[in-house]
Novice: 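Take a look at the following structure, please.
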Amino acid sequence: MNIFDLYIDKIKKILLDLSKNGKLILPDRLDGINAEIPPIKFNSDISTNVAMFLSKINKKSATDLAQILAEVIKKNDKSIDTISIAKPGFINIKFKPIFWTNFIEDIIKNSKTFGVNKNEKKKNYLVEFVSANPTGPLHVGHCRGAILGDVIANVLLFNKNKVIKEYYVNDYGTQVINFTKSVYFRIREIKFKEPFPTDNEDLYPGDYLINFAQNIVNTNKKLDFKSFENISEELTALSIHEGLELIKKNLNSLDINHDNFVSEKKLVFNQEVDKVIDFLKKNKFVYKGKIKAPAGEDDTKWIEREQLLFKSTDFGDDKDRALQKSDGAWTYFASDVAYHKNKLDRKFDCLINILGADHAGYIKRISSSVDALSNSKGKLICKVSQLVKLIKDKKPFKMSKRKGNYITLDDLINQVGKDATRFIMLNRSSDVELDFDFDNVIEKSKDNPLYYVQYCYARIASVFRHLEKDLNSDIKINKYDFYYSEDEINILKKLSEWPKCIDVCCSKLEPHRIPTYLYELASLFHSYWNLGKDNPNKRFINEQKKITDDKLIFLKAISNVIKSGMNIIGVSTPEKM
RNA sequence: GCGCCCUUAGCUCAGUUGGAUAGAGCAACGGUUUUCUAAACCGUGGGUCGGAGGUUCGAAUCCUUCAGGGCGCGCCA
């Protein structure tokens, strides 16, 4: 039950009636009418801007109009206690306590679906995220985008959409050749005691390649490792397999599991790239031309040449983009266009790509191609996750791949744990750079919002434990004839905002609103809990070691929402801390 | 030079398709524990929402412009 939608609908119905009787003029669209919880000082439960929204077209002052509308609204609704007008024209509604009793009954009886928007049309989504090169372990930089993508998918799933989580494997191109060569040199190191070359900057120096090499040597006894050329194809496949398995293991430690892995190499070998280029050619989105040296670089070394270009400038990009390299191989962009054609062919309603900040410049290009392939339907949404600034010993920690001093995802999980990593990475809008203070996150202190929320759940679990009741099973109550106090209604009001939180998360693809919401809910709960210190009536367990049904239900409702939210963001809710 | 993101309290940030006197946490100061978990709570101080214009009943939110910070601008992926 979404009480805001409920009241907006009620109000709209009233407006339509009034307009039929000629008492009110309505604009074409009523989208601007909203309902929300007013600031606490107004001492009411729900407020609407409807009078301000309609005042101009009706040539009446907003307060006068509010007065008229307020009377009609109240007359139609038995659950309203008082209704008042506030400048500059808000209508504030205060419910009778029975409204909140009905509310809690509804959310307890429908606990599995509380928060789900039942009026909205459900869609079929593809979320592509991580897609890191399978040439080594994931590091902290990948982590934020990985969690963002996972949770966007989760929240869409929670809201009853269909979602596929997908990983695009870049197993084609020069990087892959360099990677395979690096593995080969590590194999020679093992088999022929030759030192790994240190003077070649194209090679991957990481120690993890020693493991890859050892695994390949151990499981492929029949391979002849003397010559690279003879086994390069096989070795590439084996190396990529090693890389991808390591990444899957990394993701698994974050509780991230993709539904589908798509190989770039396969797209190329199945001629999907050729086909998509033909399609673009037919539709005149491709031509042979020259591109200029990139800005800000020494252009004396730049050799202009005639090459196949995609007209991304038609769609607002700064320049047209190369599809084919001088050796005839496809560029990364070309196969990515084919990949996106492949996505479009699978008939999703919406494609979502999660990208790191360093790839933001790529968005225009790839969305241009999707527009070209789908007649500009704007099906692709790209979300960028901004940089994570690592802080160690109160100083920014600079990672450098070449120096080998980068923090892997494994290090992170081992030190910080999955829950803290997920919660902290999600706690901020993805548009904003994130400070990730190692020492702070490790510390199990009150500074850490994760524990603050978990603690709320643990306190509720503790009450249930004392009463020898099971927090995880449903509670059946015969009569909901409770009367909640203002403190309790305050928390119920917060619970009533949960469906709104989910709606906004889904429509704006901004999952950081969930940790923010849970923190606010936990805060209200902790305040309420502490009231019990001075006032025994505010304690959940009474002197006879019993709990009243209203309090039991109250706790259950809060714990349901906390658990539901924590499930979406993939963070555990321990019952004891 | 161009593109994207950011600029809100000393610090880190929330702020719902434009709404009411702009909110949290940290830091500072003072208080709360014989009672359901003090990983908690209560109180005090702290603001030109980067600057300037504009749009309107109303702007932190939308538009224009300027300044500052970050990321990117390839026949790498």
Side-chain angles (χ1 to χ4, degrees), chain A residues 4 31-32 34 36 38-39 41-42 47 49 52-53 55-56 61-62 86-90 92 131-133 135 170 172-176 264 291 293-297 302-303 305 307 316-319 321-327 329 331-333 335-336 356-364 384 386-387 389 427-435 437 440 444-452 454-456 458-467 497 500-501 503-504 507-508 510 512-513 516 519-520 523 526-534 536 539-543 545 547 576-577:
Chain A
F4 305 99
D31 300 5
N34 60 33
E36 60 193 350
K41 58 202 161 200
F42 292 99
S47 78
N49 66 345
M52 292 180 288
F53 181 76
S55 73
K56 195 172 188 185
S61 84
K87 278 183 189 172
F90 287 98
N92 288 326
S131 299
N133 288 352
T135 53
N170 303 132
Y172 173 84
T174 45
Q175 295 289 343
V176 174
E264 178 182 3
I291 44 175
E297 271 195 31
W302 186 260
I303 302 160
R305 70 169 184 100
Q307 62 187 146
D317 201 359
D318 327 340
K319 53 172 112 173
R321 303 293 174 171
L323 293 163
Q324 206 162 22
K325 300 188 221 174
S326 53
D327 64 359
T331 60
Y332 172 81
F333 175 57
S335 43
D336 208 16
D358 51 342
H359 289 81
Y362 188 74
I363 293 175
K364 203 84 204 178
V384 175
Q386 291 300 323
L387 288 187
K389 271 194 282 181
N427 201 23
R428 300 268 177 257
S429 156
S430 58
D431 288 339
V432 176
E433 284 188 23
L434 180 84
D435 282 353
D437 187 330
N440 218 330
K444 296 199 172 181
S445 78
K446 60 181 174 180
D447 303 2
N448 196 329
L450 164 68
Y451 297 108
Y452 191 81
Q454 284 183 327
Y455 190 45
C456 169
R459 276 180 152 174
I460 294 173
S462 151
V463 172
F464 275 68
R465 197 163 48 242
H466 276 278
L467 297 165
E497 286 186 299
K500 222 176 183 180
C501 175
D503 263 355
V504 178
S507 63
K508 302 182 95 170
E510 290 181 351
H512 73 278
R513 289 160 189 275
T516 305
Y519 188 91
E520 288 164 1
S523 174
H526 288 310
S527 293
Y528 181 82
W529 179 277
N530 277 273
L531 292 176
K533 288 195 189 295
D534 296 330
R539 294 169 64 79
F540 296 103
I541 301 173
N542 63 23
E543 282 169 5
K545 303 280 173 210
I547 189 168
K576 264 187 184 174
M577 285 174 73

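Basis for what follows: all heavy atoms, side chains included, without hydrogens, waters or symmetry-related copies. So that the names make sense, note that chain A is the first sequence line, chain B the second, and so on, each numbered from 1.
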Novice: Is the shortest heavy-atom distance from the side chain of A:Glu510 to the side chain of A:Ser430 under 4.5 Å?
Specialist: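 The answer is no; the side chains never approach within 4.5 Å.
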Novice: Using a 4.0 Å heavy-atom cut-off across all strands, classify A:His359 as base, sugar-phosphate, or nothing.
Specialist: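 Base: the residue A:His359, judged by heavy atoms under 4.0 Å, touches a nucleobase.
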Novice: Taking atom types as they are modelled, is there a donor-acceptor pair under 3.5 Å from the base of B:A20 to the side chain of A:Asn92?
Specialist: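 Yes, a donor-acceptor pair under 3.5 Å.
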Novice: Just wondering, do A:Ser326 and A:Gln307 contact through their side chains at under 4.5 Å, heavy atoms?
Specialist: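 SC-SC contact between A:Gln307 and A:Ser326 ruled out.
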Novice: Less than 4.5 Å apart, any side-chain heavy atom of A:Arg428 and any of A:Gln386?
Specialist: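 No, too far: nothing below the 4.5 Å cut-off.
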Novice: Can you check whether A:Tyr455 has a side-chain N or O nearer than 4.0 Å to OP1 or OP2 of B:A39?
Specialist: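 Yes, within the criterion.
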Novice: Which listed nucleotide (B:G15, B:G3, B:C76) is nearest to the side chain of A:Asp318?
Specialist: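 From the listed options, B:G3 comes nearest.
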Novice: Give the minimum heavy-atom separation between A:Gly316 and A:Lys364, together with the two atoms involved.
Specialist: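 Scanning both residues, the minimum pair turns out to be O-CE, 3.5 Å.
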Novice: Quick one: does A:Glu497's side chain get under 4.5 Å of A:Glu520's, heavy atoms only?
Specialist: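 Result no, sub-4.5 Å side-chain heavy-atom pair not found.
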Novice: Taking the nucleotide of RNA chain B with the nearest heavy atom to each, does A:Asn530 or A:Val176 sit closer to the 5' end?
Specialist: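 Nearest-nucleotide comparison on RNA chain B picks A:Asn530.
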Novice: Give the dot-bracket string for RNA chain B, reading 5' to 3', where a pair is Watson-Crick or G-U wobble with both distances under 3.5 Å, ( ) marks pairs inside the strand, [ ] marks pairs crossing earlier ones, | marks a partner on another strand, and . marks unpaired.
Specialist: (((((((..((((.....[...)))).(((((.......))))).....(((((..]....))))))))))))....
Novice: Taking the P atom of each, how far is B:A27 from B:C66, in whole Å?
Specialist: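 Each nucleotide's P atom is 41 Å from the other's.
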Novice: A:Arg428 side chain: which of B:A40, B:A38, B:A14 is closest?
Specialist: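 Looking only at heavy atoms from C-beta outward on A:Arg428, the closest nucleotide is B:A14.
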Novice: So does A:Ser523 get a side-chain nitrogen or oxygen closer than 4.0 Å to the phosphate oxygens (OP1/OP2) of B:A24?
Specialist: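 Answer no for this pair, as no side-chain N or O of A:Ser523 is under 4.0 Å from OP1 or OP2.
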Novice: So what does A:Glu264 touch, heavy atoms closer than 4.0 Å: a base, only the sugar-phosphate, or nothing?
Specialist: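 Here A:Glu264 touches the backbone only, sparing every base.
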Novice: Students often get this wrong, so: under 4.0 angstrom with heavy atoms, is A:Arg513 touching a base, only sugar-phosphate, or nothing?
Specialist: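 Counting heavy atoms under 4.0 Å across all strands, the contact made by A:Arg513 is with sugar-phosphate only.
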Novice: Describe the nucleic acid contact of A:Pro536 in one word from base, sugar-phosphate, nothing, applying a heavy-atom distance below 4.0 Å.
Specialist: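 Nothing: the residue A:Pro536, judged by heavy atoms under 4.0 Å, touches no strand.
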Novice: Considering only heavy atoms from C-beta outward, does the side chain of A:Lys325 approach that of A:Thr174 to under 4.5 Å?
Specialist: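 A side-chain contact under 4.5 Å exists here.
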Novice: Closest to the A:Ala322 side chain: B:C75, B:C71, B:A20?
Specialist: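 Comparing B:C75, B:C71, B:A20 against the side chain of A:Ala322, the answer is B:C75.
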Novice: To the nearest 0.5 angstrom, please state how far the CZ atom of A:Arg513 sits from the SG atom of A:Cys501.
Specialist: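 Spacing of CZ (A:Arg513) from SG (A:Cys501) equals 8.0 Å.
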Novice: Can you see if the side chain of A:Tyr452 gets near the phosphate of B:C41 - specifically, an N or O under 4.0 Å from OP1 or OP2?
Specialist: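 Result: yes.
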Novice: So A:Asp431, base contact, sugar-phosphate only, or nothing? Heavy-atom distance under 4.0 Å.
Specialist: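 A:Asp431: backbone/sugar contact only, no base atoms under 4.0 Å.
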Novice: Which part of the nucleic acid does A:Leu467 contact within heavy-atom distance under 4.0 Å: base, sugar-phosphate only, or nothing?
Specialist: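 The answer is nothing, as A:Leu467 stays clear of every strand by at least 4.0 Å.
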Novice: Using a heavy-atom cut-off of 4.0 Å across all strands, would you classify A:Lys319 as base, sugar-phosphate, or nothing?
Specialist: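 If one applies the 4.0 Å heavy-atom cut-off, A:Lys319 turns out to touch the sugar-phosphate alone, with no base involved.
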Novice: If only side-chain N and O atoms count, and only distance matters, is there a donor-acceptor pair under 3.5 Å linking A:Tyr362 with A:Asp336?
Specialist: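 Side chains of A:Asp336 and A:Tyr362: pair found under 3.5 Å.
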Novice: Taking only side-chain N and O atoms of A:Lys325, does any of them lie within less than 4.0 angstrom of OP1 or OP2 on B:C76?
Specialist: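 Yes.
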Novice: Answer with yes or no whether A:Ser47 presents, from its side chain, a donor or acceptor under 3.5 Å of a partner atom in the base of B:A20.
Specialist: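 Result: at least one qualifying N/O pair found.
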Novice: For A:Asp31, answer base if it contacts any base atom (sugar-phosphate contacts may also be present), sugar-phosphate if it contacts only those atoms, and nothing otherwise; contact means non-hydrogen atoms under 4.0 Å.
Specialist: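 Since a base atom lies under 4.0 Å of A:Asp31, the category is base.
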Novice: Give A:Ala458 one of three labels, base, sugar-phosphate or nothing, depending on what nucleic acid heavy atoms sit under 4.0 Å from its own.
Specialist: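 It contacts base atoms.
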Novice: Using OP1 and OP2 only, check whether a side-chain N or O of A:Arg321 sits under 4.0 Å from B:G74.
Specialist: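 A:Arg321 to B:G74 OP1/OP2: no side-chain N or O under 4.0 Å.
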Novice: I need the A:Arg539 CZ to A:Asp534 CG distance, nearest 0.5 Å.
Specialist: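 Those atoms lie 11.0 Å apart.
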Novice: Does A:Val176 reach the side chain of A:Asn170, with side-chain heavy atoms less than 4.5 Å apart?
Specialist: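 A side-chain contact under 4.5 Å is absent here.
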Novice: Please list each protein N or O that sits under 3.5 Å from an N or O in nucleotides 54-62 of chain B, with the distance.
Specialist:
| from | atom 1 | to | atom 2 | distance (Å) |
| --- | --- | --- | --- | --- |
| B:C57 | OP1 | A:Lys56 | NZ | 2.8 |

Novice: Contact class for A:Phe333 (heavy atom, under 4.0 Å): base, sugar-phosphate, or nothing?
Specialist: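 The residue A:Phe333 makes no contact with any strand.
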Novice: So that I know where these two stand, are A:Phe540 and A:Phe464 an aromatic pair - ring centroids less than 6.0 Å apart?
Specialist: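 No - the distance between ring centres of A:Phe540 and A:Phe464 does not fall below the 6.0 Å cut-off.
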Novice: Take atom P in B:G69 and the same atom in B:C26, then report the distance between them in whole Å.
Specialist: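 The answer is 31 Å between these two P atoms.
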Novice: Can you check whether any acceptor in the base of B:C36 is under 3.5 Å from a donor in the side chain of A:Arg465, or vice versa?
Specialist: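 Side chain to base: no pair below 3.5 Å.
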